[in-house]
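Report on one structure; see the data block that follows.
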Number of protein chains: 2
Amino acid sequence: MALNRPGPNLGKIAAAVGVSTATVSNALSGKGRVSADLVDTIRKVADELGYVPSQAGRALRTGRSGVLGLVLPDIANPLFPQIAQAMEAAASQAGYGVLIADSRGDVTTQTQAINRLIERGVDGMIIVPRRGTRIADIDCPVAVVDTPSTPGNTVSADHWGGGRQIVEHLGALGHKRLLLIGYDPASNVQNDRIGGMKSALMPDMSAETIWLKNLEQTQGAGCAMGLTGRVQQGFTAFAAVSDLHALRALTELQQAGIRVPEQVSVTGFDDLIFAPVITPALTTIHMNMATIADIAVAALARAIDATITTKPGDKTRKTGGTIVVAETSEVPMELVVRQSSGLPSILLSSQSEGTSVL
Amino acid sequence: MALNRPGPNLGKIAAAVGVSTATVSNALSGKGRVSADLVDTIRKVADELGYVPSQAGRALRTGRSGVLGLVLPDIANPLFPQIAQAMEAAASQAGYGVLIADSRGDVTTQTQAINRLIERGVDGMIIVPRRGTRIADIDCPVAVVDTPSTPGNTVSADHWGGGRQIVEHLGALGHKRLLLIGYDPASNVQNDRIGGMKSALMPDMSAETIWLKNLEQTQGAGCAMGLTGRVQQGFTAFAAVSDLHALRALTELQQAGIRVPEQVSVTGFDDLIFAPVITPALTTIHMNMATIADIAVAALARAIDATITTKPGDKTRKTGGTIVVAETSEVPMELVVRQSSGLPSILLSSQSEGTSVL
DNA sequence: ATGGGATGATTAATCGTTTAACCAACGCTA
DNA sequence: TAGCGTTGGTTAAACGATTAATCATCCCAT
């Protein structure tokens, strides 16, 4: 049967020019020794014929597929678009394709997804881990993108530093009592963000932390957070570890008639798509995904290029489990001040109240 | 050089069992004629050796990569996670991998992205088109997922029907004056949603449509929509073509002290991740992405299997531009009634006002 | 003039899988 | 027992690109 690809191959070009396929290959790759004008001729003919190299043939010969696997704990995560977009851009810039693997929140599914990627012959993987992810027994270079405190983390945003910035901002505005809103206490990222927030508290400031996941276990998913009570208790700022939870807090407060930012401030994390367009626009921490992706892909590419130099015939070679390291592992986050954070009502009451209505 | 893959290949299994590689291939694929017990032996040995077939070798021989390309107009679109997740699931179910290509909103970039996919040898593509997308000159099966009114659409949600459902719901609640909120008047999907909404208006109902993109061109991105004025004009329901815009409307109304759903109702589209957790939870239209993905992938797989039967050596074969068709092209959407829609204040005022406070 | 580098191209092997074509038995019928 | 279909396997040729090894020139210095 042997289904032929529609386009021409090296042999066709070689025949057209009147040289050997090896020369064509060398000319196009610029590797061997080919005279300058022959290179030109070959390039031109290749273009005319609309030649596109067969990745399959190349992959078979070189043992490299030119494809990276992107393993995500849950594609449904609202942050995923940013990650996928940045990784795809960085990878295609570096000449790689991106194969996605979603584990839909399940560890077993994740293992299967990783195996499928290996079967597809990816040259490397970018893994955004979930607690419980088994990375050890993957036999290709792996870049781990989580948070600096995670062992083996290759590169990530400086979540701790982001937390600091948020609280420094709120502190500068004069907020004293903060409610820190996390979702999953088992998440490294969220813990780092909260940890950073706490570390930036000035002596005259205090903070309490709630974890929505725990709350939802008793009160059901999407339950109210009881923020009205918190406001009465004197909390003036609500700092969430994600814009999603910040939005949840914001709408709950608005619904209760509490004015943001006049009475209390709300801040998020990640600068999700809705952050700038809601009213009031959300003060949040922006993540420079492009930089993170560039670093991750570059580190991966280096590791992949390194494996190519291993001696041929070394069948017992174990590139396995190599978690790639990058020179920079922490990418700073950026505070984006919008309308949802402002002077706390305590301070305003000493001035004429309501002057800073949006 | 010839970098060897770490694992065993067909030859290794063949040597271990003492048969030819062809027999091993036949045994594992179940194609040729191999005795039942020999199949068992081969399977067992293959397992023991941890054999994983080389996709590169297979791809080279069969001309099929086992990979589908997923072309998206803009990964940053909040609906993308759903699409990617569903497509990945459907594809891996059908034995395909998914290579992503993002065009970051640009048509030129999209063309390049499509070309990269072709170079990578994808067997087929799933394209969520953008106006201006050139599909004609793609030489592999293509499934187009947009909206039924788009020419060449393979499968999509019944956006028109979804629009109908929303307005029927609002009509049943007693709303008479509706503001329909679109973003981009050039979007087929949005036009169908709006069209469906209008088609469900009862004789005693009226609707006006605003397009945010036009608004933003004069007033800047993320500008206010002036909904307070609309409420004063007597509009009691705001139906957006996306949860994102519904959220924008909702927060703007809440900020202005207008109560939802007591005074006015707000509805969205797509059931984005924040829809159920905000206050009030958003009434919206849910899209059955899994079904759409299954249909798209199945149609694609059929077309791919069909090309394999074309005679070998047919170098001039043009599978090109074949937009795949599916038996079902419209998948119904589902109304999800939550808290953001309710009886309009006009009706409530005849009863005791404020009884239905959330 | 002749050995020795460059230079420029070719030859042929190889990656791992699939599959058409062929072949050797074996059993069965005529 | 010659002929024939069936069963169970082997052989060998692809697929397309890469690259080590080889070869043929030509040039220049000794």
Side-chain angles (χ1 to χ4, degrees), chain A residues 1-15 17-42 46 49 51-66 119-121 123 308-309 311-315 317, chain B residues 1-15 17-42 46 49 51-66 119-121 308-309 311-315:
Chain A
M1 182 147 332
L3 192 63
N4 309 313
R5 298 192 326 137
N9 51 20
L10 281 188
K12 196 146 283 178
I13 299 176
V17 180
V19 294
S20 70
T21 68
T23 302
V24 176
S25 174
N26 283 329
L28 294 177
S29 66
K31 286 205 169 173
R33 289 181 301 210
V34 188
S35 65
D37 41 353
L38 185 51
V39 167
D40 284 348
T41 321
I42 290 176
L49 268 56
Y51 169 73
V52 291
S54 153
Q55 289 291 331
R58 178 174 294 170
L60 181 56
R61 177 63 229 251
T62 62
R64 307 206 291 146
S65 60
E119 287 178 23
R120 291 230 124 72
D123 293 337
I308 207 179
T309 59
K311 283 174 226 61
D314 181 5
K315 297 255 180 188
R317 167 178 60 96
Chain B
M1 182 144 334
L3 192 62
N4 308 313
R5 296 195 326 140
N9 50 19
L10 281 188
K12 197 145 281 178
I13 299 175
V17 179
V19 294
S20 72
T21 68
T23 303
V24 176
S25 175
N26 283 329
L28 294 178
S29 67
K31 286 206 168 172
R33 289 180 301 209
V34 188
S35 65
D37 40 353
L38 185 50
V39 168
D40 284 348
T41 321
I42 290 176
L49 268 56
Y51 169 73
V52 291
S54 153
Q55 289 291 332
R58 177 174 295 170
L60 181 55
R61 177 63 230 252
T62 62
R64 307 207 289 145
S65 60
E119 287 179 23
R120 292 230 123 72
I308 207 178
T309 58
K311 284 175 226 59
D314 182 6
K315 296 254 182 189

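Since the structure is predicted, the reported quantities are computational estimates derived from the model, not experimental observations. Chain identifiers are assigned alphabetically (A, B, ...) following the order of the sequence lines, protein sequences preceding nucleic acid strands; residue numbering begins at 1 within each chain.
- Protein atom CG of Leu10(B) is 6 Å distant from nucleotide atom C1' of dT17(C), rounded to whole Å.
- The shortest non-hydrogen separation linking Lys12(A) to Leu49(A) is CG-CD2, 4.1 Å.
- Atom OH in Tyr51(B) sits about 10 Å away from atom P in dG16(C), given to the nearest Å.
- In this structure, Arg58(B) atom CZ and dG16(D) atom P are separated by 18 Å, rounded to whole Å.
- The stretch residues 28-41 of chain A comes close to DNA chain D through Lys31(A), each having a heavy atom under 4.0 Å from the strand.
- Judged as a side chain to side chain donor-acceptor pair (under 3.5 Å), the pairs with a partner in residues 18-30 of chain B (not counting sequence neighbours) are, in order, Ser20(B)-Thr23(B).
- The interatomic distance linking Lys12(A) (NZ) with dG16(D) (C1') rounds to 12 Å, in whole Å.
- Rounded to an integer number of Å, the gap from Asn9(B) CG to dG16(C) C1' is 6 Å.
- Between the side chain of Arg120(A) and the main chain of Gly66(B), a donor-acceptor pair closer than 3.5 Å is present.
- The separation between Gln55(B) atom CD and dG16(C) atom P is 14 Å, rounded to whole Å.
- Distance CG/Asn9(A) to OH/Tyr51(A): 7.5 Å, rounded to 0.5 Å.
- Across the protein-nucleic acid pair, Leu60(B) atom CG and dA14(D) atom P stand 13 Å apart, rounded to whole Å.
- Within residues 18-26 of chain B, the residues having any heavy atom under 4.0 Å from DNA chain C are, by residue number, Ala22(B), Ser25(B), Asn26(B).
- The CZ atom of Arg64(B) sits 22 Å away from the P atom of dA14(D) (whole-angstrom rounding).
- Remark: Ala59(B) pairs with Ala56(A) by the side-chain contact (heavy atoms from CB on, under 4.5 Å) rule, at least two apart or across chains.
- In this view, Ala27(A) and Val34(A), Val39(A), Ile42(A) satisfy the side-chain contact (heavy atoms from CB on, under 4.5 Å) rule, not counting sequence neighbours.
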Apply side-chain contact (heavy atoms from CB on, under 4.5 Å) to the pair Leu38(B) and Val17(B), showing each step before the final yes or no.
CA-CA 9 Å; Leu38(B) 185 50; Val17(B) 179; 4.1 Å; yes
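- Annotation: the span from Gln55(A) atom CD to Thr62(A) atom OG1 amounts to 8.5 Å, rounded to 0.5 Å.
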